[in-house]
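We name chains A, B, ... by the order of the sequence lines, and we start the count at 1 in each one. Atom set for the values below is all heavy atoms of this structure, side chains included, hydrogens, waters and symmetry mates excluded. Computed from a prediction, not measured in an experiment: that's the story for all the values here.
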There are 2 protein chains.
Amino acid sequence: MTEKTSHATVDDVAQLAGVSTATVSRCLNSPDRVVAATREKVMAAVRALNYTPNFGARALASKRTGIIGAVVPTLENAVFAHGVDAFERSLPQGKFSLLVASSGYDAAREKHQIEALVARGADGLLLVGFERDPAIYDWLAVRKVPYVLAWSSGDQHPFAGFDNRAGIAAMMRMVLALGHRNIAMISGMTEGNDRARDRLEGARAALEAEGLAFRGVIEVAYGLEGGAAAFGDLMQDRSITAVICGNDVLAAGALRAARRMGLRVPEDVTITGFDDIDIAEITFPELTTVRVPHTRMGEEAARLLQDLIAGKAGGSVLLPTEVVTRGTHAPPVDSVRFGRV
Amino acid sequence: MTEKTSHATVDDVAQLAGVSTATVSRCLNSPDRVVAATREKVMAAVRALNYTPNFGARALASKRTGIIGAVVPTLENAVFAHGVDAFERSLPQGKFSLLVASSGYDAAREKHQIEALVARGADGLLLVGFERDPAIYDWLAVRKVPYVLAWSSGDQHPFAGFDNRAGIAAMMRMVLALGHRNIAMISGMTEGNDRARDRLEGARAALEAEGLAFRGVIEVAYGLEGGAAAFGDLMQDRSITAVICGNDVLAAGALRAARRMGLRVPEDVTITGFDDIDIAEITFPELTTVRVPHTRMGEEAARLLQDLIAGKAGGSVLLPTEVVTRGTHAPPVDSVRFGRV
DNA sequence: TTGTAGGCGTTATCAG
DNA sequence: CTGATAACGCCTACAA
């Protein structure tokens, strides 16, 4: 009861347990290298003193922090919130903690965040997508900070992701198979965003494979409003029968705009999304979209990054995507749309 | 080009700049305490050597890490994802970083997470709600770790939150004013969750103030499915004309169930939510709900916590809630419902 | 305004 | 298996 107000240190524990500080340290870090009997004594002292190792000292001496950093555009996007959540849950309790930062889809800000996380001693990093200033990759290499890229795939860096091009191409082929020929797309902003760009180009490629071209393409910032506004603009051209959206939120916005414009979905126009987040099941009709295994991706990324941190070279993980057919797609019915029944 | 592979230290910088390590340290931490001329030299050396302070050493010597911890139930709940995102964005760039952990609505796990974050050197904590083992608060006090509670309000601890009871009571009064008398509620799990409990009790209190009682109350785990299932059960009693939901996701689930059951909303039944997250504008009809300033709350929590960390005793912040009337509410029309037109 | 020097609490090497 | 002891890199009185 006459303890100091400051915290107990290894020395206190060592003294109380009647051993050296080295032994205390071993008990905490590699218990198997200590005989059970001494270990008991030490742990008892640890409990008695309510001892907790000092983080700074530990980091300084061991050159490791047990902190993993993640930089995502924003947690407001459910895709990242879910992925980060799964990633964090997959980290061994007590062994690693997750430092998160958001870039707001801003490349310069992302760079700062990455530097900040490394400065905070991050042992490894989770980043979104491949596209960024090469200097960042160089810097990470010099600093020897392992990293895993997610929500995308490529061959320059370790990743746990999926093929955005292939995913949306499958959706486009489904729409084409339905008979649609006048197709438009609402894409997320592609600048500095390889996910958005790959989706746009993947869709375009699938379209061109049929000798067709988009009747319209609009890039908008992430959000319900953007999707709604773009849909309104696109529909100036009433020959369009299908609108492919770069993500579910854009699609939900388009859907709402359609309803307000008095257009029926899918009778008058087909709308498709990408990601298959929760809202895809809440819209009416429910959204036809491309499912991405966000949770699984977060888990795989965590596993992969831990391997890299441990020095085991782990290969990348390419996850599958899948077209989920719900209620917002149907064959085009031009005759009805034009009142030429 | 003949540099060591290891990183530059203060000593290297001091030497190159021709000053002492103390001056280098000052340049980095309190630049105003150094003459511009020397500062220039030092910063030049810093850049030349690509110097970054060692995190562990800095933490050890200064007893501060610049890391703030946050423990939330899950980022899959948009409410927490948005709040955490706003909180993180409000932290001064480079000065603080955010360590996040999720408890999965599990009290024991939350306790571990809190301990883990403190062990990782968190300078302060953001926690959700008031209800938790008092021992945790004691421990935090002993460790002198400042914290801010959010998404709730009370008078025992500093918080940036709102009054769940008052928020839902206002909604209940609105529903009562519409003429509803046979009302039921779908609540989130109340055990260990003061937000859910306050909402349930706030609604009950408002109901009883009118001399009425719930026609049914079901507690379900967070999720669309839970809301849908509960709605189905509740509607066994066809006299019920309004279902108050503890949050928007539950309400969205109820709405979907209603549609599948062939019930019209709001003609046949009124459904209300709480939180006003994005999905409230995506459902059809759009959801009548209680708006909570999640973003503002995150910002205020960040401000408050920084004050506490800086030693300035900041008062709590009680944010207002507001009933948002959209499309899922209407007066009861019993005669129609019972076919007694 | 700047320099000196001691200490922060652990880990890890190296004997014993 | 355990004990000394030397780093680890920075901050911060204190002194000049």
Side-chain angles (χ1 to χ4, degrees), chain A residues 3-43 45-46 49-67 95 118-121 123 143-144, chain B residues 3-43 45-46 49-67 95 118-121 123 143-144:
Chain A
E3 287 173 16
K4 302 189 309 182
T5 59
S6 67
H7 299 174
T9 71
V10 258
D11 296 282
D12 300 326
V13 176
Q15 194 165 1
L16 180 58
V19 300
S20 71
T21 62
T23 300
V24 174
S25 179
R26 281 189 207 101
C27 283
L28 267 34
N29 301 303
S30 35
D32 23 285
R33 304 189 50 137
V34 176
V35 172
T38 24
R39 200 191 319 154
E40 299 284 301
K41 274 193 309 185
V42 173
M43 295 317 277
V46 165
L49 265 36
N50 211 278
Y51 167 74
T52 311
N54 175 286
F55 177 68
R58 187 201 279 263
L60 177 56
S62 70
K63 299 186 177 312
R64 268 175 291 102
T65 58
I67 287 178
K95 193 170 174 199
V118 173
R120 290 267 186 288
D123 289 340
R143 279 281 189 292
K144 290 191 177 50
Chain B
E3 286 173 16
K4 301 189 310 180
T5 59
S6 67
H7 300 173
T9 70
V10 256
D11 296 282
D12 300 327
V13 177
Q15 194 165 0
L16 179 58
V19 299
S20 72
T21 61
T23 300
V24 175
S25 179
R26 285 190 203 99
C27 282
L28 268 33
N29 301 303
S30 36
D32 23 284
R33 303 191 48 135
V34 176
V35 171
T38 24
R39 201 190 319 153
E40 300 284 301
K41 275 192 309 184
V42 173
M43 295 317 276
V46 165
L49 265 35
N50 210 277
Y51 167 75
T52 311
N54 175 287
F55 176 69
R58 187 203 282 263
L60 177 57
S62 71
K63 301 187 175 310
R64 269 175 291 100
T65 57
I67 288 179
K95 193 169 174 201
V118 172
R120 290 267 184 288
D123 289 340
R143 279 281 189 294
K144 292 190 175 49

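With no hydrogens or angles considered, a side-chain donor-acceptor pair links D123(A) and T65(A) at under 3.5 Å.
Here the side chains of N50(A) and R143(B) are in contact, with some heavy-atom distance below 4.5 Å.
Looking at R120(B), its side chain does come within 3.5 Å of a backbone N or O of G66(A) through a donor-acceptor pair.
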Mark up nucleotides 9-16 of chain C, 5' to 3', with B wherever a protein heavy atom is under 4.0 angstrom from a base atom, S wherever such an atom reaches only the sugar-phosphate, and - elsewhere. BBSBB---
side-chain contact (heavy atoms from CB on, under 4.5 Å) between Y51(A) and L16(A), intermediate numbers included: CA-CA 12 Å; Y51(A) 167 74; L16(A) 180 58; over 6 Å; no
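Closest approach of V24(B) to V10(B), counting heavy atoms only: CG1-CG1, 3.9 Å.
Rounded to a whole Å, the CZ atom of F55(A) is 16 Å from the P atom of dC10(D). Atom CG in D12(A) sits roughly 12 Å away from atom P in dC8(C) (whole-Å rounding).
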